[in-house]
Amino acid sequence: MEAIFGIVYFNKSVSVVREHLKKMASILETDSIDIYIDQNLGLGMTRSTIDQEAQSARISYNKNKSIWVAINGEIDNYEELKNDIEKKGHHLTQGGDAELVCYLYQDESIHFASKLRGIFNVALWDKSENKLVLICDKSAGVKPLYYCQVERTVIFGSAIKTILVNPDVHREVNTKALRELFTLGFVTAPETLFKNIYVLDGGSYLECKNGQIRIGKYWSREFKTTPVIDLDQKEREYFEALKHSIISSFSGDRKIGVLLSGGIDSSAIIGILSALGHQSIKTFSFHLGDDPLKSELEDARFIAKWFGTDHEEVSNMNATCMDLLPEMIWYLESPGCNIHPTFWLSRIAKEHVNILVTGAGNDLIWGSPYNYLYFYKILRKLQKKYAAQAFMRYRRRMRRAIVNDLLLCPTPTEHDIIKKVQRSLQDTGSLFNDIVYVECALYGDQFVDREYGKLVVDASSITLRLPYANEKLVRIIDSLPEEYRLHKRLGGAPITKYLFKRAIQKTNTLPPNIIHKKKMWMYSPTAEWLRRELKDISKRVLWDKKTMQRNYFNYKCVEMMFKEHQNNIGDHTHCLMLLVTFELWHRIFIDGQKIEKPARRLTEF
């Protein structure tokens with residue numbers, strides 16, 4: 001696993017021991033470690049096998065060794081920034097992204113962060129200032145960065161488990177986050193489910209000096225809508241930027257594949273590459289469950305055949321995905337309400353490619369998934385001040401969580417969550433943009449679920465690239481009037497991602513049947529599994545004596561949901577899966593004397 005991690009004792013009488021950093025690295029299952037120690041500061045990074053020879057995959061420093069940097073990921077505009085700093089008289093002797101960051105920081109302090117493009121996180125030690133700086137990329141969500149402060153000690157890492165192995169860190173459940181988890185389906189940044197462990201938002205940085213932490217934003221989405229006089233010109237501008245982003249994703253000499261769902265986003269990547277002359281593109285698809293009507297596999301096969309890709313598909317993964325659930329939680333470091341086939345698919349892809357390109361993120365950037373339409377209808381009828389309540393009503397409808405009856409431990413009320421949503425609102429001048437902004441803010445300004453990135457990148461040591469999360473594309477979209485994002489039609493459903501679909505159609509990038517097909521979400525037959533394959537296992541886990549004695553949940557409510565779900569009276573998939581995975585998470589990360597990867601599969605738990 002590729003990661004950065006470290007520890008700073010702002011009590012200078014305490015020094016970092018190399019063995020301590022090695023212990024933090026050992027939990028990541030890697031033998032390739034780079035470590036730098038400066039008395040009270042310890043900085044480390046691990047490398048994946050595909051980058052072990054790369055100059056960029058090591059801790060670097062500036063000329064007088066006053067700035068030290070470790071980076072996890074890639075700076076996409078490296079060459080451009082390298083040319084800029086060389087014009088100022090700097091000469092890179094070590095090569096790679098980390099050394100580049102050293103000189104950018106030396107010249108511009110933290111302000112340089114806004115210039116970086118790519119998927120990355122950065123740890124920087126300013127020796128002259130005795131200051132730690134952490135930077136998270138501009139909202140891809142693929143590479144999170146966590147931190148924890150214990151008195152005058154700051155511990156950080158790309159994975160929470162590197163923090164948990166420190167003896168000064170107490171492994172406790174953040175009970176305040178349980179209501180968010182069961183109501184929203186996720187814990188909003190900067191909180192995590194671990195008490196006193198936090199995550200940086202996308203486009204954020206942390207500065208810590210003398211034990212005092214300061215968090216700041218260097219980038220966020222700005223919905224500065226401008227009237228579009230020439231729609232064709234804006235369309236061409238967007239499509240050229242998209243082509244450039246896709247081409248950049250396929251730069252270098254490493255083996256690259258595409259996750260092909262059969263939807264318009266991933267298919268457009270294939271179509272644009274094909275138009276640019278790329279041959280023998282490797283594509284991967286998957287399907288869970290037994291219902292072909294809930295699968296896009298036929299569309300993926302159609303696109304693969306249409307463009308002549310080297311296609312591989314994986315199906316009949318039901319038993320494998322369920323059995324690997326404890327291992328998924330090990331990499332997720334949190335409970336989840338879905339069983340992710342990407343975890344298994346990325347391992348299969350790893351046998352063929354080093355880099356996976358995906359269409360993930362495009363829906364959230366455009367603000368066009370169909371579940372927004374429900375919230376949109378509410379907002380049109382209510383004054384804006386009620387937007388937060390509308391958002392909560394929308395979430396309750398989607399999640400069906402009986403949270404008030406379920407939780408026994410003291411947690412913030414739903415009103416507290418509403419206030420957090422309210423603080424996320426920005427006056428964009430458009431109700432639709434208000435919705436998009438709320439969702440982005442609550443997700444921590446990220447376009448892809450952290451769990452998606454963790455299951456692909458961390459679990460498989462494979463590089464993930466997201467051409468739709470390109471900063472220039474996002475800025476173009478955020479400048480568009482509402483009608484070019486969600487185009488309303490008389491007597492028909494609104495056209496989502498309107499300008500994108502129009503550009504794809506006018507350039508003949510894809511066949512019409514793919515452009516105009518109805519949106520299908522990645523199907524996971526978890527509801528059926530809870531009534532069949534997972535029934536006995538979930539019952540054994542939930543009614544285990546140790547589980548029931550934790551006193552987090554009201555078991556009358558748990559029993560009611562379980563019976564209703566089994567009898568097909570109600571669909572409590574969301575809550576039941578969270579309850580099962582929460583218990584597995586608790587056993588892996590909270591219980592026991594030490595943190596270790598689960599050796600047992602779900603059937604043995």
Side-chain angles (χ1 to χ4, degrees), residues 3-28 33-46 59-62 64-72 98 101-102 104-106 108-113 120-136 144-172 174 189-192 194-201 204-218 595:
I4 57 175
F5 54 90
I7 185 168
V8 186
Y9 297 111
F10 285 97
N11 179 355
K12 288 194 173 183
S13 63
V14 182
S15 297
V16 175
V17 180
R18 178 172 287 269
E19 290 304 314
H20 194 163
L21 291 174
K22 285 185 176 180
K23 184 178 180 182
M24 293 176 75
S26 66
I27 200 74
L28 301 174
I33 312 168
D34 198 9
I35 288 175
Y36 165 69
I37 295 176
D38 177 23
Q39 295 181 342
N40 64 316
L41 173 280
L43 183 59
M45 65 180 297
T46 59
I59 298 172
S60 294
Y61 46 85
N62 63 344
N64 64 4
K65 298 187 178 181
S66 62
I67 300 169
W68 292 76
V69 170
I71 184 167
N72 173 22
V101 169
C102 288
L104 288 170
Y105 177 82
Q106 178 181 307
E108 304 177 38
S109 187
I110 191 60
H111 304 294
F112 84 94
F120 60 85
N121 49 50
V122 170
L124 181 150
W125 177 243
D126 187 337
K127 190 173 181 178
S128 60
E129 293 284 332
N130 198 44
K131 180 168 68 174
L132 171 70
V133 179
L134 304 177
I135 304 171
C136 188
L145 190 54
Y146 303 94
Y147 63 95
C148 172
Q149 184 169 20
V150 182
E151 296 180 352
R152 289 178 57 79
T153 300
V154 175
I155 309 162
F156 62 89
S158 303
I160 294 176
K161 54 182 72 75
T162 61
I163 298 174
L164 295 176
V165 297
N166 288 270
D168 295 332
V169 177
H170 299 290
R171 289 179 277 141
E172 296 181 56
N174 179 10
E191 299 286 336
T192 71
F194 295 90
K195 189 176 181 179
N196 296 327
I197 296 180
Y198 305 94
V199 63
L200 276 179
D201 281 353
S204 294
Y205 65 87
L206 175 152
E207 291 181 316
C208 188
K209 186 175 181 179
N210 299 323
Q212 299 297 313
I213 288 179
R214 185 176 77 89
I215 307 291
K217 291 283 284 185
Y218 67 88
I595 300 291

Dump the intermediate steps for side chain to side chain contact (heavy atoms under 4.5 Å, CB included) on Phe120 and Asn72, then the final yes or no. CA-CA 5 Å; Phe120 60 85; Asn72 173 22; over 6 Å; no

If only side-chain N and O atoms count, and only distance matters, is there a donor-acceptor pair under 3.5 Å linking Trp125 with Asp38? yes

Would you indicate whether the side-chain heavy atoms of Ile59 and Leu43 approach each other to under 4.5 Å? yes

Where do Gly6 and Leu21 come nearest, in terms of heavy atoms and distance? CA-CD2, 4.3 Å

Rounded to the nearest 0.5 Å, what's the gap from OG on Ser60 to CE on Met45? Could you check? 8.5 Å

Kindly give the heavy-atom pair with the smallest separation between Gly44 and Ala70, and that separation in Å. O-CB, 4.5 Å

Calculate, to the nearest 0.5 Å, the distance between atoms OH and CD1 belonging to Tyr147 and Ile160 respectively. 12.0 Å

Using a distance-only test with no angle check, is there a side-chain donor-acceptor pair under 3.5 angstrom linking Trp68 and Tyr36? yes

Main chain of Glu151, side chain of Gln149: is a donor-acceptor contact present, judged purely on distance under 3.5 Å? yes

Nearest-0.5 Å distance, OG1 of residue Thr46 to CD1 of residue Ile33: 7.5 Å

Less than 3.5 Å apart, any donor N or O on the side chain of Asn62 or Tyr105 sitting next to an acceptor on the other? no

Using 0.5 Å steps for rounding, measure from the OG atom of Ser15 to the CD1 atom of Ile37. 9.5 Å

Carefully, step by step, assess Lys65 and Lys127 under the rule side chain to side chain contact (heavy atoms under 4.5 Å, CB included). CA-CA 8 Å; Lys65 298 187 178 181; Lys127 190 173 181 178; over 6 Å; no

Closest non-hydrogen atom pair between Ile4 and Ala123, with its separation: CD1-N, 3.6 Å

Arg152 side chain to Gly211 main-chain N or O, any donor-acceptor pair under 3.5 Å? no

Min side-chain heavy-atom separation Asn121-Ser158 under 4.5 Å: yes

For the residue pair Cys208 and Ile213, what are the closest heavy atoms and their distance? SG-CG1, 3.7 Å

Below 4.5 Å, heavy atoms only, C-beta onward: do Val16 and Gln39 meet side chain to side chain? no

Return the minimal non-hydrogen interatomic distance between Phe5 and Ala25, and the atom names on each side. CZ-CB, 3.5 Å

If you round to the nearest 0.5 Å, how far is CG of Leu104 from NE2 of His111? 13.5 Å

Decide yes or no on side chain to side chain contact (heavy atoms under 4.5 Å, CB included) for Val8 and Asn40, but give the supporting numbers first. CA-CA 6 Å; Val8 186; Asn40 64 316; 4.1 Å; yes

Hey, is the main chain of Ser66 close enough, under 3.5 Å, to the side chain of Asn64 for a donor-acceptor pair? yes

Do the side-chain N and O atoms of Asn166 and His20 include a donor-acceptor pair separated by under 3.5 angstrom? yes

Distance only, no hydrogens: is a donor on one side chain within 3.5 Å (strictly under) of an acceptor on the other, for Asn174 and Glu191? yes

What is the minimum heavy-atom distance between Ile163 and Cys148, and which atoms define it? CG2-CB, 3.8 Å

Point-to-point distance, once rounded to the nearest 0.5 Å, from CG of Asn196 to CZ of Arg171: 14.5 Å

Contact check, side chains of Leu132 and Phe156, non-hydrogen atoms, under 4.5 Å: yes

When you compare the side chain of Ser26 with that of Leu28, does any pair of heavy atoms fall below 4.5 Å? no

Would you say Ile135 and Ile110 make side-chain contact, with heavy atoms under 4.5 Å? yes

Carefully, step by step, assess Ile197 and Leu164 under the rule side chain to side chain contact (heavy atoms under 4.5 Å, CB included). CA-CA 9 Å; Ile197 296 180; Leu164 295 176; 3.6 Å; yes

Check the surroundings of atom NZ in Lys131: do more than 12 heavy atoms from other residues, nucleotides or ligands lie under 6.0 Å from it? yes

Do side-chain atoms of Thr192 reach the backbone of Tyr198 as a donor and acceptor pair under 3.5 angstrom? no

Would one find more than 12 heavy atoms of other residues, nucleotides or ligands at under 6.0 Å from atom CD of Glu172? yes

Non-hydrogen side-chain atoms of Asp126 and Val133 separated by less than 4.5 Å: no

Side chain proximity check, Phe112 to Val101, heavy atoms < 4.5 angstrom: yes

